[in-house]
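Remember, predicted model here, so these are calculated numbers, not experimental data. Chain naming here is simple, since letters A, B, ... match the order of the sequence lines and numbering starts at 1 in each. Just so it is clear, the values below take in all heavy atoms, side chains as well, and ignore hydrogens, waters and symmetry mates.
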Number of protein chains: 2
Amino acid sequence: MKVSELSGVKEIARRANVSIATVDRVLHNRTGVAQKTKEKILSIIKEMDYKPNILAKRLASKRVYKFGILIQKECSEAEYWNVPVSGIQEALSEFGDFGVDLRYYFFDRDDRESFLAKSDELLKKHIDGVIVAPIFLNETKDFAAKCTEKRIQFVFIESQVPSVHPLSYIGQDIIQSGRVVAHLCKYLIQPKDEILVLNVAKEKDISNHLEEKIRGFEQFFIDTSYQCSIKSFNIEIADDEEITAFMEDYLNHQQPKLIYVTNSRAYLVAKYLKDRGLNHIKLVGNGYHTRNIDFLKEGYIDFLICQKPLEQGYKAFLALYEYFIAKRKVIKLQYMPIDIVTKENYIYYEN
Amino acid sequence: MKVSELSGVKEIARRANVSIATVDRVLHNRTGVAQKTKEKILSIIKEMDYKPNILAKRLASKRVYKFGILIQKECSEAEYWNVPVSGIQEALSEFGDFGVDLRYYFFDRDDRESFLAKSDELLKKHIDGVIVAPIFLNETKDFAAKCTEKRIQFVFIESQVPSVHPLSYIGQDIIQSGRVVAHLCKYLIQPKDEILVLNVAKEKDISNHLEEKIRGFEQFFIDTSYQCSIKSFNIEIADDEEITAFMEDYLNHQQPKLIYVTNSRAYLVAKYLKDRGLNHIKLVGNGYHTRNIDFLKEGYIDFLICQKPLEQGYKAFLALYEYFIAKRKVIKLQYMPIDIVTKENYIYYEN
DNA sequence: CTGAAAGCGCTTACAG
DNA sequence: CTGAAAGCGCTTACAG
């Protein structure tokens, strides 16, 4: 019930007997304030439990933050990556103008050089923060080092990079993801059945983290003392024919009851099974991509383990937003839910 | 590259040769503007594709919107409802002050009177919009009618009310939810097995929409020509002992291989199964509640079908936000994903 | 080291 | 029917 029920900075200025400009200096930790004044203002801020008004802040400030998004380019097997983009834009448009400038840098996930080219391009642009999908390990490490040097904040999505510490990691707990699959598989097979696990990737880097999935997968069966034989293969190929050749050969002397493809390429196997009419072999994969979903609908894929790309993008953007604009603490490790998608629930999955 | 690169309203005013106050009047469809002036301004707005700056709007406006949330009170079997609350508050705090005043009106889901009391209380408060969980059908209809009369916007969450049209419905496609369960069940049982479906609720109203779940459930087996016998029961009871009595009696002459509890009370059955050591009977239920999760962890519940309460709350709030503050079109029907929660993926579910 | 003043893009009385 | 002016809570030159 004070007479002068002033607002934030003004009230601080009044109580401290200074101008709001001085308050602003303290608020932003700028130089040019006498130690004594500074302390006084700081204590008043604390006392008032002052929270700046973000709306006013953004409205008054001319500062525009530049964020870059360094991810795989959209391609038939990964329309996936189109989605985080809209997720981020949605977040932006929802609440008005936050003075953010977003730029996309798409590279080819099967081409190391394109990653280098795009990341170099990005580094020249004087960007504040970047969201990266670390597909190529060493290249990402170099990139991260350059970011640190240039004081660019980076957020990893999808997978982590050993011994590199981003502002935040947004993605699944990879090992646990393997366990979820294993648990589902238990419902699909009989004890003693044979399971085939496939890491299908053109570049070795990715299979690195795919192996963690397999660890989780195998560990589950050990933990639950479930008897089954698991054979796993890294195959560095990525098209129909090569898969067919591999499968033909494999099925010649093995009889898996279930196949687990550790990344988004389950549709390659599904296609093979469909062409050969091998309905009795169960199939589990990852990733909400149209080609996978098509086979899910037809019943050639039983389960898909997914994470919402839109939400992942949103959270990654939010991490940068929190850091630069809201100036709040950012959560270092943000595990995404490990979603189970089936023929019956995929329709509403992206909602 | 104009000399006068003025901002929104100012630029409109300049071009129309009027003051910004007049522009404002047109923008808000207020009276007191000559038809000719109005048309001119309108055409300029269109021409410029003018989008108001929400930040400035909220900052300048003194208007505070009052939203009410009329949901079940937190109780041991539904901590669930505690969560939408934080979801909404999170949405609010994330992007600063939007001039929204949220009030909660918790009723007892087993007590019709408490709903009436709380909804009456709410109606007296001169509220702009309200989020409602329509647990009691007729009472909700009356409430909706009163809202319409008082020009209060209402959003339904969790379930719909026949022939009542809210600003938006946020919740699952109930029939499809039943289908998802049925699909999972197929992995849990053998052909010819017997399935027991239980609608456990104290009040009849709720079981009404639960019956839709059963329709979806049964339809799935018909569609896939899967042979199994499904027995379903509406039991209007809600505690341990009554469930025990029912189960004892039922298991005397029937041998279900799987039990599907259509609402959040699967834990009651789980407890029974655990106490009797009936490990061989599979159990599927709904709702991410600690009591269900506990049994999920122990393996007495195989699957829980859930929807993220936090997201549901967030979306419901967003619907009101869009309507009142952003003044955008609101999506009438917003189906939530039908999530599958297991022992292995529940940990990250709420992230 | 400090302050007065203008401005961000809107809204809101108030005056005519 | 219309406009001039103050203000929302901040930031940003600029002057001293």
Side-chain angles (χ1 to χ4, degrees), chain A residues 4-42 44-45 48-65 93 95-100 324-327, chain B residues 4-42 44-45 48-65 93 95-100 324-327:
Chain A
S4 65
E5 198 63 76
L6 283 178
S7 60
V9 277
K10 278 187 198 161
E11 175 63 13
I12 299 172
R14 191 190 62 81
R15 294 203 201 177
N17 229 300
V18 295
S19 75
I20 55 169
T22 299
V23 172
D24 197 65
R25 285 181 189 101
V26 173
L27 241 22
H28 296 90
N29 215 358
R30 277 191 232 101
T31 57
V33 181
Q35 188 58 26
K36 248 182 112 177
T37 329
K38 185 170 176 177
E39 279 163 15
K40 190 172 180 184
I41 292 174
L42 245 22
I44 291 172
I45 287 172
M48 287 174 58
D49 188 28
Y50 168 73
K51 301 259 180 289
N53 181 321
I54 297 192
L55 272 63
K57 230 170 153 155
R58 291 300 324 152
L59 188 60
S61 173
K62 306 272 79 179
R63 178 82 157 96
V64 168
Y65 289 95
S93 67
F95 298 94
D97 167 44
F98 285 99
V100 171
F324 286 105
I325 295 155
K327 314 253 186 223
Chain B
S4 67
E5 197 64 74
L6 282 177
S7 59
V9 277
K10 276 188 199 160
E11 175 63 11
I12 298 172
R14 191 190 63 80
R15 295 203 200 177
N17 230 299
V18 296
S19 75
I20 56 167
T22 299
V23 173
D24 197 65
R25 284 182 190 100
V26 174
L27 241 22
H28 296 91
N29 215 358
R30 276 191 230 103
T31 58
V33 182
Q35 189 56 27
K36 252 183 109 174
T37 331
K38 186 171 174 177
E39 278 162 15
K40 189 171 179 186
I41 292 174
L42 243 22
I44 292 173
I45 288 173
M48 287 175 59
D49 187 30
Y50 168 73
K51 299 262 181 286
N53 181 321
I54 298 192
L55 272 62
K57 233 172 151 153
R58 289 302 324 153
L59 188 59
S61 172
K62 305 274 76 177
R63 177 80 158 97
V64 168
Y65 289 95
S93 67
F95 298 93
D97 168 45
F98 285 97
V100 170
F324 287 104
I325 295 153
K327 315 253 187 224

Where do [X] and [Y] come nearest, in terms of heavy atoms and distance?
{"X": "B/Tyr65", "Y": "B/Phe324", "value": "OH-O, 3.5 Å"}
{"X": "B/Arg63", "Y": "B/Arg58", "value": "O-NH2, 3.0 Å"}
{"X": "B/Ser19", "Y": "B/Ala13", "value": "C-CB, 3.8 Å"}

Just how far, in rounded Å, is [atom2] of [N] from [atom1] of [X]?
{"X": "B/Lys57", "N": "C/dC8", "atom1": "NZ", "atom2": "P", "value": "19 Å"}
{"X": "A/Ile41", "N": "D/dC10", "atom1": "CD1", "atom2": "P", "value": "14 Å"}
{"X": "A/Asn53", "N": "C/dC10", "atom1": "CG", "atom2": "C1'", "value": "14 Å"}
{"X": "B/Met48", "N": "C/dG9", "atom1": "CE", "atom2": "C1'", "value": "12 Å"}
{"X": "A/Leu55", "N": "C/dT11", "atom1": "CG", "atom2": "C1'", "value": "14 Å"}
{"X": "A/Tyr50", "N": "D/dG9", "atom1": "OH", "atom2": "P", "value": "10 Å"}
{"X": "B/Arg63", "N": "C/dC10", "atom1": "CZ", "atom2": "C1'", "value": "17 Å"}
{"X": "A/Leu59", "N": "D/dG9", "atom1": "CG", "atom2": "P", "value": "12 Å"}

- When rounded to the nearest 0.5 Å, the distance separating CD1 of B/Ile54 from CG of B/Leu59 is 13.0 Å
- Message: Once salt bridge (Lys or Arg N to Asp or Glu O under 4.0 Å) is applied, what residue pairs with a partner in residues 19-32 of chain B remain, sequence neighbours excluded?
- Response: B/Asp24-B/Arg30
- Task: Only pairs at least two apart or in different chains count here, so list each salt bridge (Lys or Arg N to Asp or Glu O under 4.0 Å) that has a residue in residues 31-40 of chain B.
- Result: none
- Contact under 4.0 Å: A/Lys10 side-chain N or O vs D/dG7 OP1/OP2: no
- Message: Both B/Ser61 and A/His28 contact DNA chain D. Taking the nearest nucleotide for each, which residue is further toward the 5' end?
- Response: B/Ser61
- Item | Contacts of A/Ala60 that satisfy side chain to side chain contact (heavy atoms under 4.5 Å, CB included) - sequence neighbours left out | none
- Test side-chain contact (heavy atoms from CB on, under 4.5 Å) applied to A/Val26 and A/Val18, A/Ile12, A/Ile41, A/Thr37, the passing residue: A/Ile41
- Secondary-structure notation, DNA chain D, from Watson-Crick and G-U pairs under 3.5 angstrom (| other strand): |||.||||||||.|||
Just the table, please: protein N/O against nucleotides 1-5 of chain C N/O, every pair under 3.5 Å.
from  : atom 1 : to      : atom 2 : distance (Å)
C/dT2 : OP1    : A/Thr37 : OG1    : 3.0
C/dT2 : OP2    : A/Ala34 : N      : 2.8
C/dT2 : OP2    : A/Thr37 : OG1    : 3.3
C/dT2 : O4     : A/Arg25 : NH2    : 3.4
C/dG3 : OP2    : A/Ser19 : N      : 2.8
C/dG3 : OP2    : A/Ser19 : OG     : 3.4
C/dG3 : OP2    : A/Thr22 : OG1    : 3.0
C/dG3 : N7     : A/Arg25 : NH1    : 3.4
C/dG3 : O6     : A/Arg25 : NH2    : 2.4

- Task: Using side-chain hydrogen bond (donor to acceptor under 3.5 Å, both in side chains) as the criterion, list what pairs up with A/Asp49, not counting sequence neighbours.
- Result: A/Lys51
- Which nucleotide in the set C/dT12, C/dG9, D/dT11 lies at the smallest distance from any side-chain heavy atom of B/Ala56? C/dG9
